[in-house]
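Some notes on the structure that comes next.
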Amino acid sequence: VSPFLSLLLSISAGLSEAELDSVKFLCRDKITKRRRESVRSGRELFEILVEQQHIASDNLDFLKKLLENIRRGDLVSQLEQFEEEGGLGAPGDQPDEQEKNDVICENVGRDWKKLLRELGMPEVKLDRIEADYQFKLYEQLVQGLREWQRWKGKDAKVADLIKALRGCHLNLVADLVEE
């Protein structure tokens, strides 16, 4: 799977309906009205922008400007991290870290917000994740951990996760992660 396409899919998933409408509005001079009106998701919009060569894996300036205009600094940071890593994807994409995230996601459950607060995540980000993935507990934690990794960047350490798990009295999960 192309890291660039994974990035676009991730950004698309992070856009609310209102944000998608705003991005479509900002693309008025790039995409015809008929095509804009047919777009129902960020993925569809990005397909058009890639097809018309407004964005590419080595040219993310236009996408970055779009995200800055809708005030999504978290997604801009994700883009910048992608560029810094030369298109290799996010730190959580490494198999070892992904396994640890899977163990956490399968065992934390309703305490996901408590864990992410312990990791220092801002309440605003937690509320946005909760709203975007309402009634999908597992996905809330998955997205929360991804957001924490993007937010911390290279400072996102497994040791911090284990410490936060223990701080939340989730010692069994911490033990599983250490194994």
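No hydrogens, no waters, no symmetry mates; every other heavy atom, side chains included, goes into these values.
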message = If the threshold is 4.0 Å, N to carboxylate O, is there a salt bridge linking Arg117 and Glu123?
response = yes

inquiry  = Less than 3.5 Å apart, any donor N or O on the side chain of Gln143 or Glu147 sitting next to an acceptor on the other?
reply    = no

ask   = Are more than 12 heavy atoms from other residues, nucleotides or ligands located less than 6.0 Å from atom OH of Tyr138?
value = yes

request  = May I ask you to test the Phe62-Cys27 pair for a side-chain heavy-atom distance under 4.5 Å?
outcome  = yes

request  = Walk me through it: do Leu63 and Ile11 pass the test side-chain contact (heavy atoms from CB on, under 4.5 Å)?
outcome  = CA-CA 10 Å; Leu63 182 56; Ile11 290 172; 4.1 Å; yes

query = With sequence neighbours left out, what residues match Arg128 under salt bridge (charged side-chain N to carboxylate O under 4.0 Å, His left out)?
reply = Glu19

query = Which heavy atom in Val23 sits nearest to a heavy atom in Leu66, and how many Å separate them?
reply = CG1-CD1, 3.9 Å

inquiry  = Is the shortest side-chain heavy-atom distance between Lys113 and Gln140 below 4.5 Å?
reply    = no

message = According to a hydrophobic-cluster definition based on side-chain heavy atoms being under 4.5 Å apart (Ile, Leu, Val, Met, Phe, Trp, Tyr only), do Ile48 and Val50 belong together?
response = yes

request  = Taking atom NZ of Lys65 as the centre, report whether more than 12 heavy atoms of other residues, nucleotides or ligands fall under 6.0 Å from it.
outcome  = no

task = Using a strict cut-off of less than 4.0 Å between a Lys/Arg side-chain nitrogen and an Asp/Glu carboxylate oxygen, indicate whether Glu118 and Lys114 qualify as a salt bridge.
result = no

remark   = In this structure, CG of Leu5 is separated from OG of Ser12 (nearest 0.5 Å) by 12.0 Å

task = Mark yes or no for whether Ser77, through its side chain, and Gly73, through its backbone, hold a donor-acceptor pair below 3.5 Å.
result = yes

key: 4.5 Å side-chain heavy-atom contact, Glu37 and Lys33   = yes

remark   = What one should report as the nearest heavy-atom pair of Leu119 and Trp151 is O-CZ3, 3.9 Å

Pair Leu75-Ile70, side-chain contact (heavy atoms from CB on, under 4.5 Å): steps then yes or no = CA-CA 10 Å; Leu75 297 178; Ile70 63 167; 5.6 Å; no

inquiry  = With side-chain contact (heavy atoms from CB on, under 4.5 Å) as the criterion, how do Trp148 and Lys125 come out once you've worked through the C-alpha distance, each side chain's angles and the decisive distance to 0.1 Å?
reply    = CA-CA 9 Å; Trp148 174 72; Lys125 290 184 184 220; over 6 Å; no

inquiry  = For the CG atom of Leu67 and the CZ atom of Arg72, what is their distance to the nearest 0.5 Å?
reply    = 8.0 Å

ask   = Got a second to check how far Ile104's CD1 is from Leu161's CG, nearest 0.5 Å?
value = 4.5 Å

inquiry  = Taking Tyr133 as the starting point, is it possible to reach Val108 by hopping between hydrophobic residues whose side chains are less than 4.5 Å apart?
reply    = yes

Nearest-0.5 Å distance that lies between atom CD in Glu17 and atom CG in Asp132 = 11.5 Å

inquiry  = I'd like to know whether CD of Gln53 has more than 12 heavy-atom contacts from other residues, nucleotides or ligands below 6.0 angstrom.
reply    = no

task = Evaluate the salt bridge (charged side-chain N to carboxylate O under 4.0 Å, His left out) criterion for residues Glu44 and Lys24: first the C-alpha distance (whole Å), next the side-chain angles of each, then the deciding distance (0.1 Å), finally the verdict.
result = CA-CA 11 Å; Glu44 291 175 13; Lys24 285 167 43 176; over 6 Å; no

ask   = Atom CG in Leu45, atom CZ in Arg35: separation rounded to 0.5 Å?
value = 10.0 Å

Shortest non-hydrogen separation from Trp112 to Leu137 and the atoms involved = CD1-CD1, 3.6 Å

query = With distance as the sole test, does Arg43 use its side chain to make a donor-acceptor pair with the main-chain N or O of Arg40 at under 3.5 Å?
reply = no

query = Is there a path of hydrophobic side-chain contacts, each under 4.5 Å between heavy atoms of I, L, V, M, F, W or Y residues, that connects Leu9 with Phe82?
reply = no

message = Has Arg150 got a side-chain atom pairing as donor or acceptor with Gln78's backbone, closer than 3.5 angstrom?
response = no

Rounded distance (nearest 0.5 Å) linking atom CG of Leu79 with atom CD of Glu68 = 9.0 Å

Flag if over 12 foreign heavy atoms under 6.0 Å of CZ, Arg166 = yes

query = Any side-chain heavy-atom pair from Arg36 and Phe25 closer than 4.5 angstrom?
reply = no

inquiry  = Pair Leu49, Ile31 - check side-chain contact (heavy atoms from CB on, under 4.5 Å), show working.
reply    = CA-CA 8 Å; Leu49 292 172; Ile31 302 171; 3.9 Å; yes

query = Charged N to carboxylate O below 4.0 Å: is that the case for Asp74 and Arg146?
reply = no

ask   = Is Val142 linked to Val177 within one hydrophobic cluster, defined over Ile, Leu, Val, Met, Phe, Trp and Tyr using a side-chain heavy-atom separation of less than 4.5 Å?
value = no

